[in-house]
Amino acid sequence: MSRGGPLRALAARADVRTLSLLGVLVALIVIGGITKPDEFLDTRNLQLVLTQASVIGVVTVGMTFVITSGGIDLSVGAIVALSSVWATTVATQEYGFAGILFTAVLVGVGCGLVNGLLIAYGGMVPFIATLAMLASARGLALQITDGKTQIVTIDGILKLGERDSYILGIPPLVLVFAVVTIIGWLILNRTTFGRRTVAVGGNAEAARLAGIDVRRQRLYLYLLSGLCCGIAAFLLIILSGSGQNTNGNLYELDAIAAAIIGGTLLSGGRGTITGSVLGVLIFTTITNIFALNNLQSDVQQIAKGAIIVAAVLVQRRTAASST
Amino acid sequence: MPESTSSTSFTSRRGLLFGTAAASAGALLVGCTSNDTKDEKAAASSQPAGDDKPGKHITIGFAGPQADHGWLNAINDNAKSRAKKYSDVTLEITEGSNDTAAQIGQIETLINKKVDVLVVLPADGKALTQVGLKAMRAGIPVVNLDRIFNTPQAYRCWIGGDNYGMGLSAGHYIGEKLKDKQDAKVIELAGLDNLELTKQRTQGFDAALKNYPNIKKVARQAADFTVESGQAKMAQLLQAQPKFDALWNHDDDQGVGALRAIKQAGREDFLMVGGAGALSAFQAIQSDNSVLKATVLYPPTMAASAIDLARALGQGKGIGGLSEFEIPVSLTLYSAVVDKDNVGQYMATGFR
């Protein structure tokens with residue numbers, strides 16, 4: 001082993017993982033292209049798949065940070081629901097586009113702050129704290145809407161989801177997803193904040209001894225996840241033209257699954273934004289291919305489950321071979 | 001007795017004359033007021049079905065699922081506002097819950113409070129059968145609303161919607177619209193597939209389409225009754241089916257999302273029929289500026305009728321001369337089709 005051997009080996013392994021995910025995605029594209037050439041290999045379909053990946057994709061970027069630090073955020077779906085209904089109340093709609101965007105992000109960050117304070121300074125286990133947030137945010141969302149669907153009437157917002165506002169053929173939602181992904185990648189891989197996140201996830205005690213304010217770092221991470229949920233809620237408002245307390249249903253599971261098949265370790269200490277985004281794209285592409293071939297949702301769920309199991313098994317093998 | 005005979009024939013002749021006059025006057029009146037029939041019918045639907053004379057005071061217990069959905073919310077509203085119309089009825093309403101154990105607990109509380117009649121819309125009919133039986137054994141008659149208990153012993157009267165009929169109505173409406181079209185294609189955006197009612201709606205739809213050999217159902221996807229799932233699944237369906245003639249969507253709430261997806265895809269080359277009867281769907285049908293041309297009712301006003309039945313049960317009488325002295329054992333609502341022609345009449349019943 002030469003100088004920097006273990007590090008280089010680690011980098012190589014990460015590349016192999018990313019490549020294998022890319023391979024899965026390419027294989028899916030081939031399957032889609034063979035089964036439904038006209039409908040699948042179509043610009044509109046590409047736009048559709050990316051649009052559908054955007055909302056959950058933004059949530060997954062935030063989730064990747066939290067899991068990398070050894071935590072978990074079960075409340076993401078509920079936060080998306082609460083942000084979306086709060087932002088679409090009649091009172092907020094009077095303030096137009098900016099009012100809705102601001103409210104969605106503010107509510108997301110607010111929920112993230114509560115999660116962060118409970119976990120970092122209240123000493124609560126992330127699983128429990130965010131589970132409590134899941135329950136109460138959903139309850140609050142139901143209370144605000146009274147079970148009713150809140151329809152958005154602001155043209156500026158509705159337009160953003162339609163074909164006229166595509167920029168060079170790219171839907172605005174997809175652009176937001178891309179920007180969040182790039183910023184997320186830069187923060188995790190090129191900043192002190194990112195290195196601290198990995199350090200806290202790898203060994204919190206060692207990180208503390210190395211001078212990292214572990215508690216403050218954790219607070220920021222849940223804030224970040226909440227912020228992503230707020231952005232995702234705004235995207236969902238554009239997409240569905242409404243706020244509903246059922247929004248973001250099971251996002252927590254989808255985001256965790258995407259991060260894990262992407263190669264982020266559930267035990268913390270390693271995270272990859274590229275992998276998470278590939279995970280999201282794989283799930284969305286599967287859903288798309290299944291729908292194009294008119295397969296029912298039960299089959300889709302079974303396939304999703306099988307992929308999660310396979311990915312985690314592969315991860316365990318690579319983890320085992322590295323020790 | 002010839003005298004009396006002649007007098008009878010005279011009276012009857014006069015009666016005939018009067019009758020004719022009355023009938024023509026009546027026809028005239030109908031003619032004059034025909035412009036207002038829409039309002040009258042809308043008012044009629046919010047009119048209590050029970051006898052309006054106050055009877056002995058009764059307490060009705062109401063237990064339903066969590067109103068996390070427009071239709072269920074309308075169910076609660078309908079029950080509450082109908083109960084308010086009766087001066088002799090007190091409504092004890094429990095917090096809605098989708099948790100079987102919690103709902104059983106709530107119903108048991110109502111039994112212990114000795115309410116006179118129970119109206120129950122179970123989150124899960126099968127799972128709540130036992131507590132229905134318990135109430136009946138305790139001498140409290142149960143009006144089972146919509147989702148049905150496992151055994152008729154668990155309720156005195158069932159009132160609910162017709163899911164199979166909803167599919168039938170949608171299928172026939174689409175069939176009639178497309179009957180002259182060769183090789184017509186229809187697609188279906190179903191509701192939550194793990195609910196029995198979704199399967200019944202699909203069965204009814206398929207059965208109706210069998211009457212139209214020129215029509216073929218080319219795709220079916222299930223959504224989750226939510227706006228978000230409606231948008232997502234519809235976007236996929238539109239990509240999968242570049243050309244089709246009609247769409248049946250099981251639920252107007254998920255229809256909000258489906259209509260968004262249709263707008264986003266820039267498609268308007270087909271006819272869409274919704275389901276349930278949401279206000280937003282009625283408004284879209286009335287303004288006639290989207291693909292949504294009709295919706296099949298699954299009226300939440302059934303909750304108001306359930307209160308009427310419960311009151312009649314509690315006061316021991318029938319309803320409006322229907323079936324003598326007792327209310328019927330079961331009442332199934334009709335799934336009418338609402339389109340541009342009759343939407344004005346139903347507008348007041350639309351739920352948010």
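The chains referred to below are lettered A, B, ... by the order of the sequence lines, with proteins before strands, and numbering in each begins at 1. Just so it is clear, the model here is predicted, and its values are computed rather than measured.
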Side-chain contact, heavy-atom cut-off 4.5 Å: [X] with [Y]?
| X | Y | result |
| --- | --- | --- |
| Leu142(A) | Gln66(B) | yes |
| Gln150(A) | Arg352(B) | no |
| Ser280(B) | Ile151(A) | yes |
| Gln296(A) | Gln221(B) | yes |

task: Could you please spell out the steps behind the side-chain hydrogen bond (donor to acceptor under 3.5 Å, both in side chains) verdict for Gln244(A) and Asp253(B)?
output: CA-CA 10 Å; Gln244(A) 206 184 24; Asp253(B) 242 15; 3.2 Å; yes
On a heavy-atom basis, which atom in [X] and which in [Y] lie closest, and how many Å separate them?
| X | Y | result |
| --- | --- | --- |
| Ala240(B) | Ala291(A) | CB-O, 4.0 Å |
| Gln264(B) | Gly161(A) | CG-O, 3.1 Å |
| Arg260(B) | Leu158(A) | NH2-O, 3.3 Å |
| Asn294(A) | Ala219(B) | ND2-CA, 3.4 Å |

field: Selection from Arg220(B), Gln231(B), Glu228(B) maximising heavy-atom pairs under 4.5 Å formed with chain A
entry: Glu228(B)
At a 4.5 Å cut-off on heavy atoms, which part of [X] comes close to chain B: side chain, backbone, both, or neither?
| X | result |
| --- | --- |
| Asp164(A) | neither |
| Thr287(A) | both |
| Ser242(A) | side chain |
| Asp146(A) | both |
| Leu295(A) | backbone |

message: For Ser229(B), which atoms come within 4.5 Å of any heavy atom of chain A: side chain, backbone, both, or neither?
response: neither
- request: Side chain from CB out, backbone as N, CA, C, O: work out which of these in Ala67(B) comes under 4.5 Å of a heavy atom of chain A, or both, or neither.
  value: backbone
message: I'd like to know whether NZ of Lys185(B) has more than 12 heavy-atom contacts from other residues, nucleotides or ligands below 6.0 angstrom.
response: no
Gln283(B) atom CD: more than 12 heavy-atom contacts under 6.0 Å: yes
- prompt: So, does Gln52(A) use its side chain to make a donor-acceptor pair with the main chain of Ala232(B) at under 3.5 Å?
  reply: yes
field: Under 3.5 Å: donor-acceptor pair, side chain of Asn288(A), backbone of Gln236(B)
entry: no
message: Between Asn45(A), Asn249(A), Asn245(A), who has the most heavy-atom pairs with chain B when the cutoff is under 4.5 Å?
response: Asn45(A)
- request: Calculate, to the nearest 0.5 Å, the distance between atoms CG and CZ belonging to Leu238(B) and Arg44(A) respectively.
  value: 10.0 Å
Gap between atom CG of Asp193(B) and atom CD of Gln301(A) - 0.5 Å precision: 9.5 Å
